[in-house]
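This report refers to the structure that appears directly beneath it.
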Protein chains: 4
Amino acid sequence: MSSRGPRAVRFRSSSCGRKWSADMTSETHDVNAVVRGARAEFREKQIVDAAVRLMQTKGSHAVSMQAIAKSAGVSVGLLYKYFSDREQIVLAAITRVLEDFRLRVPAVIEATEDPVHRIIAAFTEFCQVVDDHRQAVVLTYQTSRSLSRAGLASIQSQELATLQPLIDVVAEAADKGDLHEVDASTLGHNLMTLAHMWALKHWYFQQTQVSLGQYIDRQVRTVVLSNLSDSARKRVKLN
Amino acid sequence: MSSRGPRAVRFRSSSCGRKWSADMTSETHDVNAVVRGARAEFREKQIVDAAVRLMQTKGSHAVSMQAIAKSAGVSVGLLYKYFSDREQIVLAAITRVLEDFRLRVPAVIEATEDPVHRIIAAFTEFCQVVDDHRQAVVLTYQTSRSLSRAGLASIQSQELATLQPLIDVVAEAADKGDLHEVDASTLGHNLMTLAHMWALKHWYFQQTQVSLGQYIDRQVRTVVLSNLSDSARKRVKLN
Amino acid sequence: MSSRGPRAVRFRSSSCGRKWSADMTSETHDVNAVVRGARAEFREKQIVDAAVRLMQTKGSHAVSMQAIAKSAGVSVGLLYKYFSDREQIVLAAITRVLEDFRLRVPAVIEATEDPVHRIIAAFTEFCQVVDDHRQAVVLTYQTSRSLSRAGLASIQSQELATLQPLIDVVAEAADKGDLHEVDASTLGHNLMTLAHMWALKHWYFQQTQVSLGQYIDRQVRTVVLSNLSDSARKRVKLN
Amino acid sequence: MSSRGPRAVRFRSSSCGRKWSADMTSETHDVNAVVRGARAEFREKQIVDAAVRLMQTKGSHAVSMQAIAKSAGVSVGLLYKYFSDREQIVLAAITRVLEDFRLRVPAVIEATEDPVHRIIAAFTEFCQVVDDHRQAVVLTYQTSRSLSRAGLASIQSQELATLQPLIDVVAEAADKGDLHEVDASTLGHNLMTLAHMWALKHWYFQQTQVSLGQYIDRQVRTVVLSNLSDSARKRVKLN
DNA sequence: AATGAATGAGTTTTCATTCAT
DNA sequence: GATGAATGAAAACTCATTCAT
């Protein structure tokens, strides 16, 4: 909580990568810079991996810097070489997960043709990613309040980036007349919300014996199919 | 560890001596007990109010017992007279909100006749309660990990109690043929989820300039009306 | 630890007993005073009993004023009506035990004729008292350091009073020529010491399966009989 | 709760990176480890010394971790780097003293030939050690109640180890016919007890102006010489 | 005389952060 | 670059003591 003026990097030192050392003169320097960049990346990964691992089991508050260092196999001091703050590590851990959404969901959308199937595929993949990082998703909801304004904003903007594909895909289907009078951003946001809920209320679904497959199936029926226009409904039903 | 609850302390008053109170009428006893009970209730409210107030702004973890005491205008010691534990205060804060759901939502349902309107009314009121305790709802999602097993179970069972009326009201409409092939528990849970989201993603709705009324309206269209059977749709549309 | 100027009695209010109210005028006053004195005595006993009871099981440090009050069936406030301090209660508890030594050991001595048998009887009874208050004896050794200078002095002078009869009885036997070149105060103190040890090292004697009777017997042989003069030895052996 | 002992932390040094220390000779490693070990030992001594120093004057309960830290010239946090618990420090303080008994008493016994002189030498040295750690011995008696079961057991078994040489030396003399019908474990235990008493009742001996030398002398006469057989008595008297 | 609610300084323990090596 | 010993502020919780009733 106290932050007695850290003189450290503020943004993770991946910025000392290949590109920014281009203006350096000697070859040797270049090579060193590359090595340094690679090492830095490796270290960051090592640390964030450890952090994610621990936070998923114990919640972010229960994980100390000492524990992260130990689990990552590095010293506490090194943590502060790569991250200016405890918060930066938490942020990096959350970012790691959100990046997964940004990569995997659009990929699945690309691979699908039909607008309605695109919605279903996107939602399905979204749920899959949630399931792959269940604890980390919960972490996102838990941690928000303890982040700095800047950190929170960063997470929020990244989350919007994961939401956009869902909205887009809904909007596209609406444009094509496959959805019946629907507000794309509402439905898109709902899809994200309901995917997140798979993690947030996992205790409930476990208790009521609902598997991920069943969950996806029921949600598709309840929130997607119910909004299809008659034509789309017929077309999709046939598949 | 022990969870005798705050009330445990309150009624240990049998220790108020036998012999020396012989001259007391039972009236006096009653009055004392009542006064004591009233004070205790007042204190509890005072403390929980302070706790909720602080936790809403800073998240439950960032609020110390010292801070709660100060904000409630009492001493730290007194906190422990009424609550055995830090957790008990958090629990009481959450319970306070969940009780509001248990009271207000069924009341609105009772007051409504038509099955479909019951769903809409229930959801609307649910959203209203969420809005009235927005920060406390967020608290519920944030806190889960730091509660003891018993505390968590208590919260979960209370939450199920708030969920049930929504499921019932959906099931009733489904029974009456007003809903088109719908899984009542899925739709019911979705209604709760989407109401919670009004609190959880409030930053998003604020950013996109969506008011509570608009939010409710759009959700009713997107998740309720879309699932109506043709007959119900016609009937409701007319209103 | 902090003692922010208690305005209270300093010496336990048994001093407001019968005698000191003799100068009071009206009969009614006298009766009241007597009643008051009796009540005071009863209260003190009640409190000290509770304190001894608790301290014997948990050690004096582990017993809070709240616990004493509860166990005595009175309020915390009342504790401070009869004792100015926590220390006064501890002191009273220890004094209670030491008084037992002062009463019982001399009584046994009186009842015995032969000088050597007096030593043995005195030691035996001393051990019996220790056994009757085993935990309280331990308490005496444990508590010493946490008492005020005055409290410690009080305990020490009382302990000397329990020691004296042992020394006297040894000196008497020495005078009569029953002991062989012995320093009375050393032997007397040893007898007290070894009796205390029955409490202090009770874990050891329990482990090595030594009963109180055996312990007394062995000590009598080892430290008393070994010091007898030839004449005394013959005389005692015959019994 | 865990009692991995202070040393546990010390040798986790395998975490000092592999790759980046490749240029280190094993010499460097060794030196680092040695330095670290030496520092750790120094720190432990520093802390225990401070603890003993304070506890001797105020009793173990009255000494806070803050006070120990301050007196040792280190931070509170560091205390917990070397000792998992408050109890571990108390334990270490007591153990320190008991180790002195284990070393010094047998050494003196070895250096003496005659069985009776061995007893006397052993007791004398035992008393010397007590005198060197007078306050710490008192600590041992005071602290027992506040230790965990495991801690208490540890202390007790260490104490038995200090007792054994005394019992052995008495048994040896008894075997050789130098003692007259004596129970070795009783006499041995008495010697320990009376040595401890030099510390426990130091106020008494100070008051009665008994020096350590006098004390030892009188006890030797009262409990050792008195139990000698005639032959041994003659032999020893001549020296 | 008796109560017990209220106090708050004090206790042990944790952990983010720094810095000499 | 890397270490990890060291720091100390802050947290949860306890309890002797006071005082209005």
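By convention in this document, chain letters (A, B, ...) are assigned in the order of the sequence lines, proteins followed by strands, and residues within each chain are numbered from 1. Worth knowing before you read on, the calculation uses all heavy atoms, side chains too, and leaves out hydrogens, waters and symmetry mates.
- Put simply, D:Arg43 has a side-chain N or O that comes within less than 4.0 Å of OP1 or OP2 on F:dA6.
- Spacing between atom OH of C:Tyr82 and atom C1' of F:dT18 amounts to 18 Å, rounded to whole angstrom units.
- Mapping C:Gly77 and B:Ser64 onto DNA chain F by nearest heavy atom places B:Ser64 closer to the 5' end of the strand.
- Applying the side-chain hydrogen bond (donor to acceptor under 3.5 Å, both in side chains) criterion to D:Ser71, with sequence neighbours excluded, gives D:Arg53.
- Where A:Arg86 and B:Val76 meet DNA chain E, the nucleotide closest to each residue was compared, and B:Val76 sits on the side nearer the 5' end.
- For A:Lys81, counting side-chain heavy atoms from C-beta on, the closest listed nucleotide (E:dA5, F:dG1, F:dA10) is F:dG1.
- Atom CD of C:Gln88 is separated from atom P of F:dT17 by 10 Å (rounded to the nearest Å).
- Distance A:Leu54 CG to E:dC15 P: 12 Å, rounded to the nearest Å.
- Spacing between atom NZ of A:Lys70 and atom C1' of F:dT3 amounts to 16 Å, rounded to whole angstrom units.
- Of all nucleotides listed (F:dA6, E:dT3, F:dC13), E:dT3 comes nearest to the side chain of C:Ser75.
- Going from atom CD of C:Gln46 over to atom C1' of E:dA2 covers 12 Å, rounded to whole Å.
- Secondary-structure annotation of DNA chain F gives the stems E:2-21 with F:2-21, with a stem taken as at least 3 successive Watson-Crick or G-U pairs whose two distances both fall under 3.5 Å.
- The backbone N or O of C:Phe83 sits nowhere less than 3.5 Å from a side-chain atom of C:Gln88 that would complete a donor-acceptor pair.
- Contacts of D:Val63 with the nucleic acid, taken as non-hydrogen atoms under 4.0 Å apart, involve only primed sugar atoms and P, OP1 or OP2.
- One interatomic measurement links the two molecules: CD of C:Glu87 to P of F:dA16, which rounds to 13 Å at whole-angstrom precision.
- Residues satisfying the side-chain hydrogen bond (donor to acceptor under 3.5 Å, both in side chains) criterion with B:Gln66, sequence neighbours excluded, are absent altogether.
- Side chain of B:Arg39, nearest nucleotide from F:dA6, E:dA5, F:dC13: E:dA5.
- A straight line from CE of C:Met65 to P of F:dT18 spans 10 Å, rounded to a whole angstrom.
- Partners of B:Val90 according to the side-chain contact (heavy atoms from CB on, under 4.5 Å) rule, which considers only residues two or more places apart in sequence or in another chain, are B:Met55, B:Arg86, B:Ile94, B:Thr143, B:Leu147.
- The main-chain N or O of A:Ser148 is found under 3.5 Å from a side-chain atom of A:Glu87 such that the two form a donor-acceptor pair.
- Each of B:Gln66 and C:Leu78 was assigned the nucleotide of DNA chain E with the nearest heavy atom; the assignment lying further toward the 5' end belongs to C:Leu78.
- Rounded to whole angstrom, the span from the OH atom of A:Tyr80 across to the P atom of F:dT3 amounts to 15 Å.
- D:Ser64 pairs by the side-chain hydrogen bond (donor to acceptor under 3.5 Å, both in side chains) definition with nothing, not counting sequence neighbours.
- Every residue two or more places apart in sequence or in another chain was checked for a side-chain hydrogen bond (donor to acceptor under 3.5 Å, both in side chains) with D:Lys58, and none qualifies.
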